[in-house]
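Remember, predicted model here, so these are calculated numbers, not experimental data. Remember, it's 1-based here, ligands and their atoms both numbered in the order they're listed.
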Amino acid sequence: MINIYTKEEIEKIKKAGVINNECHKYLASLIKPGISTKFLDDEAGRFIESHGGRPASKGYEGYPRNICISLNDEIVHGIAKDNVLLKEGDIITFDILTELNGYIADSATTWPVGKVNKEKEHLMHHTEKSLYVGLKEVKAGVPLGNVSARIQQYAEKHGLSVPHEIGGHGVGKEVHEDPFIANYGKYGEGILLKEGMVLAIEPMLVTGNRHVDILDDDWTIVTRDGSPSAHYEHTVAVTKDGYEILTGE
Ligand code: MF3
Ligand code: CO
């Protein structure tokens, strides 16, 4: 079942989304070679709680950290560790879920650690672009497949691949709600978008082939070929004429 949210509820999701967005900026300001991913996760938890929110990833299906932090070939759901230190040339993704007054927002951003190579720059640039290109399709009455197909088309045009096993989702009262939003698909297919749906749209693209593995921790999803991955995500509300971003600009 796909939830339809009222204007009041959407405002509440947006308030959670503001904390998310501020948390991304705060974490980005801390990035430097030598700090651990666990330090960043601790800071994220402190930041969200000091703003009255709850890190909604923590405890979700047993997930052990405040946010997801994924490095380089880790695509999504990475687990922060004390002994994993950032180094120049890494790319790091923060995927943050904040719950505030019972409503949840979800967003992700990939950042460079110092200077990164051309392959990673290309990947980050076009993955971020693919999110906005996909969002342009969002509007009441449009098939969800148009969003998926547009992301895939943009990714492939720029030489990037789309893992099939992971994608976006509805969000608002729960972390993962219907519908699943693939980052590949066909125009004209899928459910029709309706005003009041709240969707977390999240292209996760890779420079190599699309195949993924899951690590022994049962969470971290990595590229099978070791190629790097980037991830950009916003929570948006579907409107009559388009969409509203609820997780900051
Ligand atoms: N944005 C991620 C997703 O949609 C957040 C997952 S939280 C976790 O899958 F707890 F499942 F890791
Ligand atoms: Co998500």
Side-chain angles (χ1 to χ4, degrees), residues 2-3 5 13-14 16-17 19-21 23-24 27 37-38 40-42 44-45 48-49 53-71 74-81 84 92-100 103-111 127-128 130-132 134-135 138 144 147-148 151 162-184 197-206 212-223 229-238 243 245-248:
I2 301 176
N3 287 329
Y5 289 93
I13 298 168
K14 196 171 178 181
I19 299 174
N20 250 31
N21 194 41
C23 187
H24 278 292
L27 294 178
T37 54
K38 181 65 165 46
L40 292 167
D41 185 75
D42 289 343
I48 292 168
E49 280 164 9
R54 186 183 75 80
S57 301
K58 184 146 197 171
Y60 175 74
E61 297 190 357
Y63 185 77
R65 295 286 183 268
N66 296 308
I67 65 168
C68 297
I69 300 184
S70 306
L71 280 179
E74 297 173 348
I75 306 172
V76 70
H77 299 165
I79 295 179
K81 292 187 184 61
V84 174
I92 182 167
T93 300
F94 304 124
D95 188 351
I96 306 177
L97 282 155
T98 298
E99 179 181 338
L100 182 71
Y103 289 87
I104 299 171
D106 188 3
S107 58
T109 306
T110 302
W111 306 89
T127 307
E128 183 168 24
S130 78
L131 169 60
Y132 292 96
L135 282 174
V138 174
L144 182 57
V147 180
S148 304
I151 291 170
V162 180
H164 285 194
E165 295 81 356
I166 46 187
H169 49 92
V171 65
K173 288 180 184 144
E174 304 287 338
V175 170
H176 286 156
E177 299 179 0
D178 290 338
F180 177 73
I181 307 173
N183 292 312
Y184 70 99
M197 287 181 181
V198 174
L199 307 174
I201 299 189
E202 48 183 321
M204 291 163 265
L205 304 181
V206 305
V212 307
D213 279 321
I214 182 153
L215 298 186
D216 286 341
D217 62 22
D218 279 342
W219 277 106
T220 313
I221 297 177
V222 298
T223 57
S229 170
H231 179 191
Y232 294 82
E233 174 182 33
H234 272 309
T235 296
V236 305
V238 178
Y243 62 92
I245 293 180
L246 307 180
T247 40

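Looking at residues two or more places apart in sequence or on another chain, you find a side-chain hydrogen bond (donor to acceptor under 3.5 Å, both in side chains) between His24 and Ser107. Qualifying side-chain hydrogen bond (donor to acceptor under 3.5 Å, both in side chains) partners for Asp178, counting only residues two or more places apart in sequence or in other chains: none.
Each of Ser57, Tyr60, Tyr63, Cys68, His77, Asp95, Leu97, Asp106, His169, His176, Glu202, Trp219, Glu233 has a non-hydrogen atom positioned under 4.0 Å from some atom of ligand 1.
Partner of Phe94 under the side-chain contact (heavy atoms from CB on, under 4.5 Å) criterion, out of Ile69, Thr37, Thr109, Asp41: Ile69 alone.
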Practice problem: Take Tyr60 and His176 through the test side chain to side chain donor-acceptor pair (under 3.5 Å) and record every step on the way to the result. | Solution: CA-CA 10 Å; Tyr60 175 74; His176 286 156; 3.1 Å; yes
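Of all protein N/O/S atoms, those under 2.8 Å from the Co ion (ligand 2) are Asp106 OD2, His169 NE2, Glu202 OE2, Glu233 OE2, and waters are not counted.
Counting all heavy atoms, side chain and backbone alike, His169 lies closest to Glu233 at NE2-OE2, 3.7 Å. Closest approach of Tyr5 and Lys173 over heavy atoms only: OH-N, 2.9 Å.
The environment of CD in Glu174 is sparse: at most 12 heavy-atom neighbours from other residues, nucleotides or ligands sit within 6.0 Å.
A donor-acceptor distance shorter than 3.5 angstrom exists from the side chain of Thr110 to the backbone of His231, with no hydrogens or angles considered.
No side-chain donor from either of Asn20 and Thr247 sits under 3.5 Å from a side-chain acceptor of the other.
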